[in-house]
Amino acid sequence: DGFGLTADTKTGCTAPDGYVLQPGDCNDNDKDIFPGKKEICDGKDNNCNGNIDESCPASYYYADKDSDGYGDPKTPVLLKRAYPGYTKNAGDCNDADASINPGAVELCNGKDDDCDGTVDEECNTNLITYYRDSDGDGFGNPSVLITSPLNAPPAGYVADNTDCNDSDAAIKPNAVEICDGKDNNCNGIIDEGVSNTYYYDLDGDGYGDDTKTYVGCSPKRGYIVRGGDCNDKNKKINPGAQEILGNGKDDNCDGIIDANPAITRSNKLEGSTTITMETLKMVIDVAPNPTKNAFRVIINSEDQNQKISMNVYDNLGKLIEIKSNISVGSEIIIGMDYRPGLYIIEAISGNQRSTKKAIKLND
C-alpha cells in the first residue's frame, strides 16, 4: 500500500525488496489500512491516526437475542456501526422467541405474534385448521394441528391431513407403491399390487401347496409362484401330471380319483377336456387352467334339460361366488378379479354334485 511499519526498518543506498521510504502503517497485513486512507465505519482505524470510526455518525441499535431481525426496544445502544447481535429494527415484543416479531403472521395460539399489542386479533373469523408437515412432503399429520386465519398457515403446517408417516417424505398419498413392506401411498394396504403370493413346493415338481403360502416381494427358499399341488410330498402328483387309471390316486389334482381317461376335446373351450364316467352325470370343463385372467367354465350333463347351480370356493373353503339356473353347455366367465391361488368350482343339480379345481396365477 506504499506505507511501511515504523518499527521494521533497514538502511541502505537502495530500497530492499518489500521496503519503502514512507513509514506510519498501523496494520501492514491489510493494504486498505494506511495513513491518508479515508475513514469508513467498519470498526477499524483505516487512516492510522489512532482513532476508530471517528468520522462516523452514531445511530441507535437494539439487541437481537433471538436473531429474528428485530431488536428489543428497551435496549437501545448508540453505535457508529452494526455489531453482531444488534439490529436497527426495534419493535420485538419477545426477543426470546424468533417466531414473535413485527413481521410475523398472527396465529391463534394465545400470543401476540406480530407485536401489535393485540393477541389473536384475527382468530374470530376466517379460521382454518392446519396440520404439521414435518417431512415437508406437502401432506400433514392429522394428529398434530393448529388453527390459523385463512391463507395464513404457520411455517411447517399445511391444510392437508392425509399423511400416514410424517417422518418420511417418500410416504404420502400420491406416492407410487413399491414392494418394501411399507404403505407408501397411505391407503391402508401394504405392497398392494406389487407383492406376489408364493407357494411352498416341497417335492420340487413345480407346483406348490396352496395351504403353505407366503406373500412378499420375492420368494423365500422353496417357494414358487404356482400353486395347486394336492400332494406336495409326491412329485408325480400335481396339476400337470397325467391321470393313471387304477392306482387309487388323484394324479392330476382335479378332484377325481382314477377317472376314466376317455377324453374328448370341447369345441367351445380350447385346451379343456370332458371326462365321462358311468357314475358321474355332470362334468365341469375349465379353461384355461391354470390362467392369469378369468376362467371360462362349461358344465356338461347327460340330461340336457336340467338346470344347474354353481358355487365357487377359495382355498380356505369360503364361498365367494354363487350362480344358479345355469343351462347345460352354457359358458360362464368367472374370476376376473380373483386373487392368485386355488379355487374349487362345484356344480349341483338335484342329488348330483361335481367339483373341479381351478388355479389363478399371478399376472
Side-chain angles (χ1 to χ4, degrees), residues 1-107 109-122 132-138 146 148-149 151-158 169:
D1 59 6
F3 291 85
L5 289 174
T6 305
D8 185 359
T9 62
K10 288 186 178 182
T11 302
C13 297
T14 59
D17 289 342
Y19 284 76
V20 294
L21 290 174
Q22 295 291 336
D25 200 338
C26 56
N27 186 342
D28 204 35
N29 294 316
D30 190 333
K31 67 178 182 178
D32 291 323
I33 296 178
F34 54 85
K37 175 72 175 179
K38 183 179 178 180
E39 190 72 16
I40 59 176
C41 302
D42 60 356
K44 301 176 183 179
D45 181 11
N46 307 97
N47 56 12
C48 292
N49 69 350
N51 299 312
I52 296 176
D53 297 345
E54 66 272 13
S55 61
C56 297
S59 299
Y60 281 107
Y61 288 82
Y62 305 88
D64 182 16
K65 295 180 180 179
D66 58 11
S67 301
D68 60 2
Y70 294 86
D72 185 350
K74 300 176 183 178
T75 61
V77 179
L78 195 60
L79 301 173
K80 289 188 175 184
R81 66 180 183 88
Y83 285 87
Y86 286 84
T87 177
K88 281 189 174 183
N89 298 320
D92 200 335
C93 56
N94 186 342
D95 202 35
D97 189 335
S99 67
I100 297 178
N101 58 67
V105 175
E106 187 69 19
L107 305 177
N109 56 7
K111 301 177 183 179
D112 180 13
D113 302 280
D114 56 6
C115 293
D116 65 353
T118 306
V119 175
D120 296 346
E121 66 270 17
E122 298 184 39
R132 181 65 176 162
D133 182 19
S134 299
D135 56 13
D137 60 6
I146 190 172
S148 183
N151 298 324
Y157 284 78
V158 294

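Bear in mind that the values here come from a model prediction, so they are computed numbers and not experimental data.
- Between Pro73 and Tyr62, the shortest heavy-atom contact is CA-CD2, 3.9 Å.
- Although no hydrogens or angles enter the test, the distance criterion places no donor-acceptor pair under 3.5 Å between the side chain of Asp72 and the main chain of Ala63.
- For Asp45 (side chain) and Cys26 (main-chain N/O), no donor-acceptor pair under 3.5 Å exists by modelled atom type.
- Put simply, OH on Tyr83 and OH on Tyr61 are 9.5 Å apart, with the number rounded to the nearest 0.5 Å.
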### Task
Verify salt bridge (Lys or Arg N to Asp or Glu O under 4.0 Å) between Lys111 and Asp120, making sure each step is shown before the conclusion.
CA-CA 7 Å; Lys111 301 177 183 179; Asp120 296 346; over 6 Å; no
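- Of the N and O atoms on the side chains of Asp8 and Tyr19, at least one donor lies less than 3.5 Å from an acceptor on the other residue.
- Here the straight-line distance linking atom OG1 of Thr75 with atom CG of Asp92 works out to 9.5 Å at 0.5 Å rounding.
- Under the 3.5 Å distance criterion, the side-chain polar atoms of Asp113 are matched with a main-chain donor or acceptor of Leu107.
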### Query
What do the steps show when you test Arg132 against Val158 for side-chain contact (heavy atoms from CB on, under 4.5 Å), and what is the final call?
CA-CA 6 Å; Arg132 181 65 176 162; Val158 294; over 6 Å; no
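- In this structure, CD in Glu39 is found 9.0 Å from CD1 in Ile33, a value given to the nearest 0.5 Å.
- With Asn101 contributing its side chain and Ala98 its backbone, the two residues share a donor-acceptor pair below 3.5 Å.
- Between Pro154 and Ile146 there is a side-chain heavy-atom pair separated by less than 4.5 Å.
- Between Thr87 and Tyr70, every side-chain heavy-atom pair lies at or beyond the 4.5 Å cut-off.
- Scanning all heavy atoms of the two residues, the minimum distance from Gln22 to Gly2 falls at CB-O, 3.3 Å.
- The six-membered or imidazole ring of Phe3 lies near that of Phe34, with a centre-to-centre distance under 6.0 Å.
- Considering all non-hydrogen atoms of both residues, Ser99 and Ala104 come closest at O-CB, 3.4 Å.
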### Task
I would like to know whether Cys48 and Lys37 meet side-chain contact (heavy atoms from CB on, under 4.5 Å); could you show each step before the answer?
CA-CA 8 Å; Cys48 292; Lys37 175 72 175 179; over 6 Å; no
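- A donor-acceptor pair under 3.5 Å is formed between the side chain of Thr6 and the backbone N or O of Gly24.
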### Task
Step by step, work out the side-chain contact (heavy atoms from CB on, under 4.5 Å) result for Asp1 and Asp25.
CA-CA 9 Å; Asp1 59 6; Asp25 200 338; 2.8 Å; yes
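- Counting heavy atoms from C-beta on, the side chains of Cys93 and Ile100 come closer than 4.5 Å.
- Counting only distance, with no hydrogens or angles, the side chain of Asn89 and the backbone of Gly69 share a donor-acceptor pair below 3.5 Å.
- When all heavy atoms are compared, the tightest approach of Cys115 to Gly91 is CB-O, 3.7 Å.
- For the atom pair Asp64 CG and Asp95 CG, the distance stands at 5.5 Å (nearest 0.5 Å).
- Here the side chain of Asp133 pairs no donor or acceptor atom with the backbone of Tyr157 at under 3.5 angstrom.
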